[in-house]
Amino acid sequence: MGLKFAFDMKKRTAQLRELQRIVSYFEGEITYRHAILSEACLLVAAKCGQPFREWIENLGNELALEDDERKPESFYESWCASLDFLKKNTKLKAGDIAVLKSLGQAFGYLDIQTQQMTVELEKENLSKIIKYADEELVSHMRISVVFGVLGGLMIVIMLV
C-alpha cells in the first residue's frame, strides 16, 4: 500500500507537468495561430496523452457544435463542466483543478493581450504547484515506502 501511495503521488506530479505543457500549447495556438477555441482544443488534443486528450477533444467537440440547444452559453461554463472529467480520471487535487478553472477565464477574453497576461499568471501558479508537489513528493514517498515495509514486516512477524 505504501508503494502504491508513493506511485500515485508521482503520477500527480507527472500529470501536473503534462498540464503545464498543455497550457503552453493552448497559448501558442491562440496567440500565434489565432485559432478559435474549438479549433485550438482539437489541435492541442492531438499533442496530448490520455486522459487529457479525451478531455480536450470532448471540450473542442462541444464548442464546435452548431446546435443552439446543446451549445453552452459561454466557453467558461463548458470549461468548468469539462473539469469534472479530470476530477474523476486523474490524480489532480482540488487546488490543481482550481488553477485550471481560473485558466478557463483567461481563455474567455476577447483581447489577446489580456489573455496572454492572464495565461502567464496561471502558468506561474501552475509552476508553483508543481514545485510544491515535487518537494512534497520526496518526503511523502520516503514515509509511505517506510510505512509499507514496516507494515509488511509486522504482518510477517504476526504470522510467524
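These numbers come from a predicted model, not from an experiment. Residues take their numbers from the sequence shown, with the count starting at 1.
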| remark: Tightest non-hydrogen contact, residues Pro51 and Asn89, listed as CG-O, 3.6 Å
| task | Starting at CG of Asn58, measure out to OG of Ser82 and round the result to the nearest 0.5 Å. | result | 8.5 Å
| field | Shortest non-hydrogen separation from Arg21 to Lys47 and the atoms involved | value | NH2-O, 3.5 Å
| task | With the side chain counted from C-beta on, respond yes when Thr90 and Phe85 share a heavy-atom pair under 4.5 Å apart, and no when they do not. | result | no
| Between Trp79 and Leu103, is any pair of side-chain heavy atoms under 4.5 Å apart? | yes
| query | Taking NZ, NE, NH1 and NH2 as the nitrogens, is one of them in Glu136 or Arg12 under 4.0 Å from a carboxylate oxygen of the other? | reply | yes
| field | Side-chain touch Leu43/Glu39, heavy atoms, less than 4.5 angstrom | value | yes
| query | With the threshold set at 4.0 Å, does a side-chain nitrogen-carboxylate oxygen contact exist between Asp134 and Arg17? | reply | yes
| field | Closest non-hydrogen atom pair between Gln15 and Leu92, with its separation | value | OE1-N, 3.9 Å
| field | Heavy-atom pair with the smallest gap, counting every atom of Glu122 and Ser102 | value | OE1-OG, 2.8 Å
| So if you build clusters from Ile, Leu, Val, Met, Phe, Trp, Tyr with side-chain heavy-atom gaps below 4.5 Å, do Leu126 and Tyr25 land together? | yes
| Is any side-chain heavy atom of Leu100 closer than 4.5 Å to a side-chain heavy atom of Leu86? | yes
| Straight-line distance of Lys123 NZ to Ser24 OG, nearest 0.5 Å | 4.0 Å
| message | Is the shortest side-chain heavy-atom distance between Gln50 and Trp55 below 4.5 Å? | response | no
| Does a donor on one side chain sit under 3.5 Å from an acceptor on the other, for Ser127 and Gln20? | yes
| message | Return the CD1 to SG distance between Ile56 and Cys41, rounded to the nearest 0.5 Å. | response | 7.0 Å
| Stepwise salt bridge (charged side-chain N to carboxylate O under 4.0 Å, His left out) check, Lys93 with Asp96 | CA-CA 5 Å; Lys93 294 183 178 181; Asp96 309 336; over 6 Å; no
| field | Side chain proximity check, Cys48 to Glu18, heavy atoms < 4.5 angstrom | value | yes
| said: Do Leu42 and Asn61 make a side-chain contact, defined as non-hydrogen atoms from C-beta onward lying under 4.5 Å apart? | reply: yes
| Distance in Å, Ile22 CD1 paired with Arg53 CZ, rounded so as to fall on 0.5 Å steps | 10.5 Å
| note | Heavy atoms of Ala133 and Leu16 approach each other most closely as CB-CD1, 4.0 Å
